[in-house]
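Have a look at the structure below, then the notes.
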Amino acid sequence: MGLKRTIKVVITGGAGYIGSHVAKVLVRSGHEVIVIDNLSTSQSTNLRYGEFWPLDLAEEDRLYEFLKEREPQVVMHFAAFIVVPESVDHPLKYYYNNVGNTLRLLSAMQKANIKNFVFSSSAAVYGIPEVVPVDEEAPFNPISPYGESKAMVEKILRDMSKAGEIRYVSLRYFNVAGADPEGEIGPAYNQPTHLILRALKTAKGEYPFLEIFGTDYPTPDGTCVRDYIHVMDLAAAHLLAMDYLISGGDSQVFNCGYGRGYSVREVVAVAKVVTGVDFEVKETSRRPGDPPILIAKTDKIRTLLGFRPEFDDLSLIIKHTWEWERRLGKGGKP
Ligand code: UDP
């Protein structure tokens, strides 16, 4: 590590689940954070760290003026639509926002001469990987417009980087879960689809039962296996990625996970222990598009960025999410 200095960072989508945790970690590390967000899918309650500018990425001219005036050293780009089944039903909506608006952002950055970029990518770019744990060299094989939109942006970044127009780190998130252990911010979706949130809301009594989607997968207990990463460790990975770029590192892609998997049944069992509620579970049919096993190979991020997770513990991930859920109240907002 070189000398500690303050970096000015713009975070798009900084009011969202992951962006808001990253904003907190960056501010706590002494950096200057400016959040831009159109609040289309997030709530202003998560806007606790950094300065806030309501800005829509579709407005490229305003974006350029803003970037030219503020001159951030790094842009971190979280703003995107993220619901996989919705992307299947409304592909244009996803390509327009996730690809089109990213192009506008990159173009505004280019005009403002800002060259460091951290991109929120996803394990969805791999689709159903042939080899697990999957490493960063595995081919793009997305099976949804959401995953395709992330792969498209990665390809654009690769070409821009080759041409010397940008340096970037693309972080491919596996299953992000958990909440700020201090309880200030957390996931605040109206209709969550993610397993841990669904399980905890069932424990709270918001849903009558939890469905397990598919018990006939080729996995040890027949349910899907995922690599769950605590959102605070993911946020720390962003800080490492930024330091890496600022120190002159070349463009890179990293998996973000812990390198181990838990089945749906295992997650449910831990959720019951953490909450102390024996909520009802129903085994139903497979959800379309779910890969049986998704586990990250994590050697690269550990070696090249020195990533050392602090919260690699499923009980802790679920406990922090549960504390946040209880703070939200029943069906309520923070
Ligand atoms: N899942 C489930 N019941 C639910 C929500 C999810 O059985 O109510 C399963 C889902 O089919 C997948 C795993 O839990 O196998 C993780 O799903 P999630 O939506 O949390 O994340 P994804 O891996 O799809 O990004």
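Whatever order the structure lists ligands and atoms in, that order sets their numbers, starting from 1. Just so it is clear, the structure is predicted and the values come from calculations on it, not from any experiment.
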Exercise. State whether the shortest distance between N or O atoms of Leu195 and N or O atoms of ligand 1 falls below 3.5 angstrom.
Key: yes
Quiz item: Taking it one step at a time, do His230 and Phe174 satisfy ring pair (Phe, Tyr, Trp, His ring centres under 6.0 Å)?
Solution: CA-CA 10 Å; His230 196 296; Phe174 281 65; over 10 Å; no
Quiz item: Side chain, backbone, both or neither: which part of Asn175 comes within less than 4.0 Å of ligand 1 when only heavy atoms are counted?
Solution: side chain
Self-check item: atom 5 (C) of ligand 1: nearest protein contact (heavy atom, Å)
Solution: Thr193 O, 3.4 Å
Quiz item: Could Glu154 and Lys150 be called an ion pair, given the rule that one side-chain N must be under 4.0 Å from one carboxylate O?
Solution: no
Exercise. Establish, from distance only, whether the side-chain atoms of Asp250 and Tyr244 form a donor-acceptor pair under 3.5 Å.
Key: yes
Self-check item: Contacting atoms of ligand 1, where contact means under 4.0 angstrom from a heavy atom of Glu211
Solution: 2 (C), 3 (N), 4 (C), 7 (O), 8 (O)
Quiz item: Below 3.5 angstrom, do we get any N/O pair linking Arg226 and ligand 1?
Solution: yes
Quiz item: Does the ring of Phe209 carry Lys282 above it, NZ/CZ under 6.0 angstrom from centre and within 45° of its axis?
Solution: yes
Practice problem: Please identify which atoms of ligand 1 are closer than 4.0 Å to at least one heavy atom of Arg198. | Solution: 8 (O)
Self-check item: Pairing of Glu182 and Arg28 as salt bridge, 4.0 angstrom limit
Solution: yes
Exercise. Would you please classify the geometry between the His77 ring and the Phe117 ring as parallel, tilted or perpendicular, with 30° and 60° separating the classes?
Key: tilted
Exercise. Looking only at protein heavy atoms, identify the closest one to atom 9 (C) of ligand 1 and say how far it is in Å.
Key: Val264 CG2, 3.8 Å
Practice problem: Would you verify whether the NZ or CZ of Arg104 falls within 45 degrees of the ring axis of Tyr96 while also being under 6.0 Å from that six-membered ring's centre? | Solution: yes
Practice problem: Give the intermediate values and the outcome of side-chain hydrogen bond (donor to acceptor under 3.5 Å, both in side chains) for residues Arg172 and Asn255. | Solution: CA-CA 5 Å; Arg172 293 179 181 161; Asn255 282 343; 4.9 Å; no
Practice problem: Around atom 19 (O) of ligand 1, find the nearest protein heavy atom and jot down its residue, atom name and distance. | Solution: Arg287 NH2, 3.1 Å
Practice problem: For atom 1 (N) of ligand 1, grab the closest protein heavy atom and report residue, atom and distance to one decimal in Å. | Solution: Phe213 CD1, 3.7 Å
Quiz item: Using a heavy-atom cut-off of under 4.0 Å, does the side chain or the backbone of Leu210 touch ligand 1, or both, or neither?
Solution: side chain
Self-check item: Any N or O of Ile212 closer than 3.5 Å to N or O of ligand 1
Solution: no
Quiz item: Got the closest protein heavy atom to atom 15 (O) of ligand 1, with its distance?
Solution: Cys224 CB, 3.0 Å
Quiz item: Is the shortest heavy-atom distance from the side chain of Arg302 to the side chain of Pro309 under 4.5 Å?
Solution: yes
Quiz item: In terms of residue, atom name and distance, what is the protein heavy atom nearest to atom 11 (O) of ligand 1?
Solution: Asp290 OD2, 2.6 Å
